[in-house]
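Take a look at the structure set out below.
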There are 2 protein chains.
Amino acid sequence: MMSEALPGHAMRGDVMSEHCPSREALKHVTSRWGLLLLVALGGGSLRFGALRRKVGGISERMLIQTLQWLEQDGFVQRIAHPGLPPRVEYRLTPLGEEIGAGARALADSIERNLDAILAARAQAASGAERAAPAENSAVGM
Amino acid sequence: MMSEALPGHAMRGDVMSEHCPSREALKHVTSRWGLLLLVALGGGSLRFGALRRKVGGISERMLIQTLQWLEQDGFVQRIAHPGLPPRVEYRLTPLGEEIGAGARALADSIERNLDAILAARAQAASGAERAAPAENSAVGM
DNA sequence: CGGTATCCTCCCAGATACTG
DNA sequence: CAGTATCTGGGAGGATACCG
């Protein structure tokens, strides 16, 4: 599952192992909004409202919940400024910066290659059409 | 949502935009098993059974389904060798290699920093205890 | 061995209402 | 503005059985 938990030696997880705790962290990072929040915070700290506006389609509830997951895993730091109205900033921790860099690289690869991805999907769809010759050239999605 | 779809110019997605098609690809990559499969295939082509054994905890059904998602998006190539018993290999496409590299980097960051993550979680749990000192100390999640 | 088909069960996540 | 609490459904994903 992982290497020996020797005191003083960092233990290393193994995401391929079913019961490794790293799976839990991976789950948070790859949750529906986790990766997007890590990417969004890559540019620097953001307030709750700004974060909500930046990440299109996220609900307040999921924003809070995902931020709490990321905070518990030590990826995000929550900074509450006293006073009214309440102002809370969220920023990446050093650990979060590292994870966030990977998240951004992944998102960037997808964004840059979107045309190739859409082309592959169109081809897969047309291949399916050949198998089922009942004509309908509409390629949705 | 994205830059103009000029013919001859690659279009670029924007994962922050709610209706951008890149969200769909991101969903597949960050699905429960998507990232793990991309990582597993990073070392070279693998057969169905080997893949199943490598990714701990995955069911046959989700293995097939996730592979099909990744195949449709052009990340994975399926190669069926004729004959009996059936032998099917899966390997990353060039596009898949690029996505897979990001996936591996992300998984690697989590694996390497697992101790820090677990420490952060332990601290968050003890902090929550201080906030609610009366109740039972079971710290679930 | 490598799938497909079917059923079923959680629980993720949206909607809504309320608070400091 | 930044949360919390509760209700609910939809769909991801597991179990099982069967096929080529």
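Residue numbering restarts at 1 for every chain, and letters A, B, ... go by the order of the sequence lines.
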Without decimals, in angstroms, what is the distance between [X] [atom1] and [N] [atom2]?
| X | N | atom1 | atom2 | value |
| --- | --- | --- | --- | --- |
| A:Arg52 | D:dA2 | CZ | P | 11 Å |
| A:Arg53 | D:dC1 | CZ | P | 8 Å |
| B:Leu37 | D:dG13 | CG | C1' | 14 Å |
| B:Leu63 | D:dA15 | CG | C1' | 16 Å |
| B:Leu67 | D:dA12 | CG | C1' | 16 Å |
| B:Ile64 | D:dT16 | CD1 | C1' | 16 Å |

Legend entry - Any side-chain heavy-atom pair of B:Trp69 and B:Val76 under 4.5 Å: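 Of all side-chain heavy-atom pairs linking B:Val76 with B:Trp69, none is under 4.5 Å.
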
Inset, instruction - Taking the side chain as every heavy atom from C-beta outward, state whether A:Glu71 and A:Leu67 have any atom pair closer than 4.5 Å. - result: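 No, their side chains stay 4.5 Å or more apart.
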
Legend entry - A:Ala40: partners by side chain to side chain contact (heavy atoms under 4.5 Å, CB included), with sequence neighbours left out: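 Scan of A:Ala40 (side chain to side chain contact (heavy atoms under 4.5 Å, CB included), adjacent residues dropped) gives A:Leu51, A:Lys54, A:Val55, B:Met16.
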
Legend entry - Short side-chain N/O contact to D:dG3 OP1/OP2 from A:Gln68, under 4.0 Å: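 No.
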
Inset, instruction - Report yes if a side-chain nitrogen or oxygen of A:Tyr90 is closer than 4.0 Å to either non-bridging phosphate oxygen (OP1 or OP2) of D:dG3; otherwise report no. - result: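 Indeed, a polar side-chain atom of A:Tyr90 lies that close.
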
Legend entry - Within one Ile-Leu-Val-Met-Phe-Trp-Tyr cluster: B:Ile117 and A:Met11, side-chain cutoff 4.5 Å: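 Result: no, two separate clusters.
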
Legend entry - Connected via hydrophobic side-chain network under 4.5 Å: B:Val39 and A:Leu35: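 Both belong to a single hydrophobic cluster.
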
Legend entry - A:Gly57 vs A:Glu60, nearer the 5' end of DNA chain C by closest nucleotide: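 Looking at the nearest nucleotide for each, A:Gly57 comes out on the 5' side.
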
Which pairs of donor and acceptor atoms, one on a side chain in residues 79-94 of chain B, lie under 3.5 Å apart (sequence neighbours left out)?
unit_1: B:His81; atom_1: NE2; unit_2: B:Glu89; atom_2: OE2; d: 2.8
unit_1: B:Glu89; atom_1: OE1; unit_2: B:Ser45; atom_2: OG; d: 2.8
unit_1: B:Thr93; atom_1: OG1; unit_2: B:Gly74; atom_2: O; d: 2.6
unit_1: B:Thr93; atom_1: OG1; unit_2: B:Phe75; atom_2: O; d: 3.3
unit_1: B:Thr93; atom_1: OG1; unit_2: B:Leu95; atom_2: N; d: 3.4
unit_1: B:Thr93; atom_1: OG1; unit_2: B:Gly96; atom_2: N; d: 2.9

Inset, instruction - List in numerical order all residues of residues 69-80 of chain B for which some heavy atom is under 4.0 Å away from an atom belonging to DNA chain C. - result: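 B:Arg78 - these, ordered by number, are the residues of the stretch whose heavy atoms sit under 4.0 Å from the strand.
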
Legend entry - Salt-bridge contact B:Glu18-B:Arg23 (side-chain N to carboxylate O under 4.0 Å):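 Judged by the 4.0 Å cut-off on N to carboxylate O distance, B:Glu18 and B:Arg23 do not form a salt bridge.
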
Inset, instruction - Nearest 0.5 Å please: distance from the OG1 atom of B:Thr30 over to the CG atom of A:Leu106. - result: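 It comes to 8.0 Å.
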
Legend entry - Between CG on residue A:Leu26 and CZ on residue B:Arg32, distance to nearest 0.5 Å: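 Answer for the CG-CZ pair, A:Leu26 versus B:Arg32, is 10.5 Å.
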
Legend entry - Considering all heavy atoms, the nearest B:Leu70-B:Gly34 contact: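 Nearest heavy atoms, B:Leu70 then B:Gly34: CD1-O, 4.1 Å.
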
Legend entry - Inter-end axis angle, the helix from C:dC1-D:dG20 to C:dG20-D:dC1, with every axis fitted to five base pairs (rounded, 10 degrees):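 Terminal axis comparison yields 50°.
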
Legend entry - Residue-level proximity of residues 38-47 of chain A to DNA chain D when a heavy atom falls under 4.0 Å: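 Nucleic-acid contacts, sorted: A:Arg47.
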
Inset, instruction - Check the pair A:Glu24, B:Arg121 against side chain to side chain contact (heavy atoms under 4.5 Å, CB included), reporting the backbone distance first and the verdict last. - result: CA-CA 11 Å; A:Glu24 201 62 23; B:Arg121 279 222 276 257; 3.6 Å; yes

Legend entry - Side-chain (B:Arg12) to main-chain (A:Leu114) donor-acceptor, under 3.5 angstrom: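 No.
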
Legend entry - A:Ser109 backbone acceptor or donor facing A:Asn113 side chain under 3.5 Å: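 Answer holds: yes.
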
Inset, instruction - Check every nucleotide of DNA chain C for an atom under 4.0 Å from a heavy-atom of chain B, then give the first and the last such nucleotide from 5' to 3'. - result: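 Terminal contacting nucleotides, 5' to 3': C:dC1 to C:dT6.
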
Inset, instruction - Ignoring hydrogens and angles, answer whether the base of D:dT16 and the side-chain atoms of B:Arg61 contain a donor-acceptor pair closer than 3.5 Å. - result: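 No.
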
Legend entry - The single option from B:Asp73, B:Leu37, B:Ile99, B:Thr66 passing side chain to side chain contact (heavy atoms under 4.5 Å, CB included) against B:Val29: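 Answer to the side chain to side chain contact (heavy atoms under 4.5 Å, CB included) test with B:Val29 among B:Asp73, B:Leu37, B:Ile99, B:Thr66: B:Ile99.
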
